[in-house]
S.K.: 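Have a look at this one.
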Amino acid sequence: MTQAQAQHTEADGGSGPDTGDYRSIWMYLKELEFRQGFIDVTVNGTTVRTRYAEAGDPAKPHAILLHGTGGHWETFAPNLAALSEHFHCVAIDMVGNGFSDKPDYDYEIAIYVEHVLGVMDHFGMTSASFVAMSLGAFVASAVSVGHPDRVDKVILMSPAGREASSSNMARIRAERTKAVNEPTWESLHAVFAHLIADEANRLPDLIGLRQSIYRRADTRNTIDRLLILQDEKVRNRNLIPDEKWRGISAPVMIVASGKDHGVYQDTARTLAELIPNSEVFEMASVRHWPHFEDPEAFNAAAVEFLTRRR
């Protein structure tokens with residue numbers, strides 16, 4: 001029985017789930033001064049009601065936190081307290097994802113970039129550092145390429161945007177489509193098995209949140225829009241060419257997750273060679289969500305990198 005299943009099993013004389021070291025998203029946030037809200041951002045001519053979490057003094061340097069495909073801001077729950085000591089942090093549900101609006105058009109990279117820049121404008125951020133994973137790393141890299149004046153530093157986790165792996169795209173499409181069509185606890189748990197290596201780190205909070213998102217009518221109605229980047233032709237036209245990776249001027253820290261899928265490990269190593277002012281932070285025991293699986297190690301490295309004088 002998995003931890004998630006144990007949490008949903010009635011006591012029947014067995015020992016039940018181990019609550020000796022209880023963990024949840026709220027346990028990361030319980031002493032943090034933060035707020036969650038919604039703002040309106042114009043994207044592709046439409047108003048997108050955008051969910052966000054904000055922490056830290058707005059007078060401090062800014063940081064934007066970007067999740068992966070189908071994600072939501074809670075992926076950064078273990079990081080907000082440490083980062084907000086030094087930065088004004090805004091983590092968002094990107095357009096088409098989480099509890100933000102899901103307008104009826106394809107979510108290609110230019111759409112995400114427009115959304116993120118609109119969020120920055122709303123919060124008065126002339127520039128910001130980016131802490132971004134997977135799809136979010138793709139978007140942050142595109143902002144770094146197209147709008148270098150808006151970018152201070154960048155942390156890329158499970159980076160995407162250079163390769164189009166047919167097998168990986170097919171896996172993502174199949175997993176997410178099944179989870180949306182059949183949003184059972186088991187199907188959502190299967191999604192997180194590919195995101196988080198250690199079963200103990202697949203917190204029921206996460207599975208429950210993703211289940212509630214995938215049960216929404218707007219998610220079901222726009223899942224093909226969300227997964228458009230898993231189409232090989234579409235993805236290829238969104239990829240960032242090598243010469244543009246070489247042109248990124250912002251300092252970049254690339255997290256190398258030792259248990260991540262091969263395409264992300266390959267991309268991390270290649271980008272470290274392409275981006276001039278880059279460095280690699282090794283995290284051997286984590287998968288696709290390094291910041292969530294080992295926040296103690298990640299937070300220390302992230303704060304050191306982001307606060308280091310250029």
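Because only heavy atoms are used, hydrogens play no part in the values below, and waters and symmetry mates are left out as well, while side chains stay in.
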S.K.: Tell me if the centroids of the rings in F76 and H67 come within less than 6.0 Å of each other.
M.R.: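 F76 vs H67: aromatic centres not under 6.0 Å.
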S.K.: Before giving the answer on salt bridge (charged side-chain N to carboxylate O under 4.0 Å, His left out), spell out for R162 and D242 the whole-Å C-alpha distance, their side-chain angles and the decisive distance to 0.1 Å.
M.R.: CA-CA 8 Å; R162 184 181 177 273; D242 284 359; 2.7 Å; yes
S.K.: When you compare the side chain of L80 with that of L65, does any pair of heavy atoms fall below 4.5 Å?
M.R.: yes
S.K.: For the residue pair N221 and K102, establish whether any side-chain heavy-atom pair is separated by less than 4.5 Å.
M.R.: no
S.K.: When rounded to the nearest 0.5 angstrom, what is the spacing between CG in D294 and CG in N201?
M.R.: 8.5 Å
S.K.: Do the charged groups of R269 and E273 touch, with an N to O distance under 4.0 Å?
M.R.: no
S.K.: Does the ring centre of F138 sit less than 6.0 Å away from the ring centre of Y112?
M.R.: no
S.K.: Charged N to carboxylate O under 4.0 angstrom, K233 versus D231?
M.R.: no
S.K.: Are R225 and D106 ion-paired here, with the side-chain N under 4.0 Å from a carboxylate O?
M.R.: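 Between D106 and R225 there is a salt bridge, with a charged N closer than 4.0 Å to a carboxylate O.
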S.K.: In plain terms, say whether E85 and K60 are close enough for a salt bridge, that is, a side-chain N and a carboxylate O under 4.0 Å apart.
M.R.: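 Salt bridge absent between E85 and K60.
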S.K.: Should E279 and R308 count as an ion pair when the cut-off is N to O under 4.0 Å?
M.R.: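 Here E279 pairs with R308 in a salt bridge, since their nearest N and O are under 4.0 Å apart.
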S.K.: Which distance, rounded to the nearest 0.5 Å, do you find between the CZ of R49 and the CG of D101?
M.R.: 7.0 Å
S.K.: Verify whether the ring centers belonging to H261 and H194 lie closer than 6.0 Å.
M.R.: yes
S.K.: With a 4.0 Å cut-off, would you call R51 and E74 a salt bridge?
M.R.: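 The answer is yes: the pair qualifies as a salt bridge.
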S.K.: Taking C-beta and beyond as the side chain, do R173 and D224 meet within less than 4.5 Å on heavy atoms?
M.R.: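 Side-chain contact under 4.5 Å: yes.
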S.K.: Under the criterion side-chain contact (heavy atoms from CB on, under 4.5 Å), which of V41, N97, V139, N44 is the partner of H115?
M.R.: V41
S.K.: When you check the gap from the basic side-chain N to the acidic O, do R235 and E232 get nearer than 4.0 Å?
M.R.: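 So R235 does not pair with E232 through a salt bridge.
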S.K.: If we only count heavy atoms from C-beta on, is the V252 to L156 side-chain gap below 4.5 Å?
M.R.: yes
S.K.: Once ring pair (Phe, Tyr, Trp, His ring centres under 6.0 Å) is applied, do any residues pair with F38, and if so which ones, sequence neighbours excluded?
M.R.: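 For F38 there are no ring pair (Phe, Tyr, Trp, His ring centres under 6.0 Å) partners, ignoring immediate neighbours.
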S.K.: Under the 3.5 angstrom rule, does the side chain of E293 hit a backbone N or O of A197 as a donor-acceptor pair?
M.R.: yes
S.K.: State, yes or no, whether a side-chain contact exists between F130 and I155 at a heavy-atom distance under 4.5 Å.
M.R.: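 Counting from C-beta outward, F130 and I155 never come under 4.5 Å.
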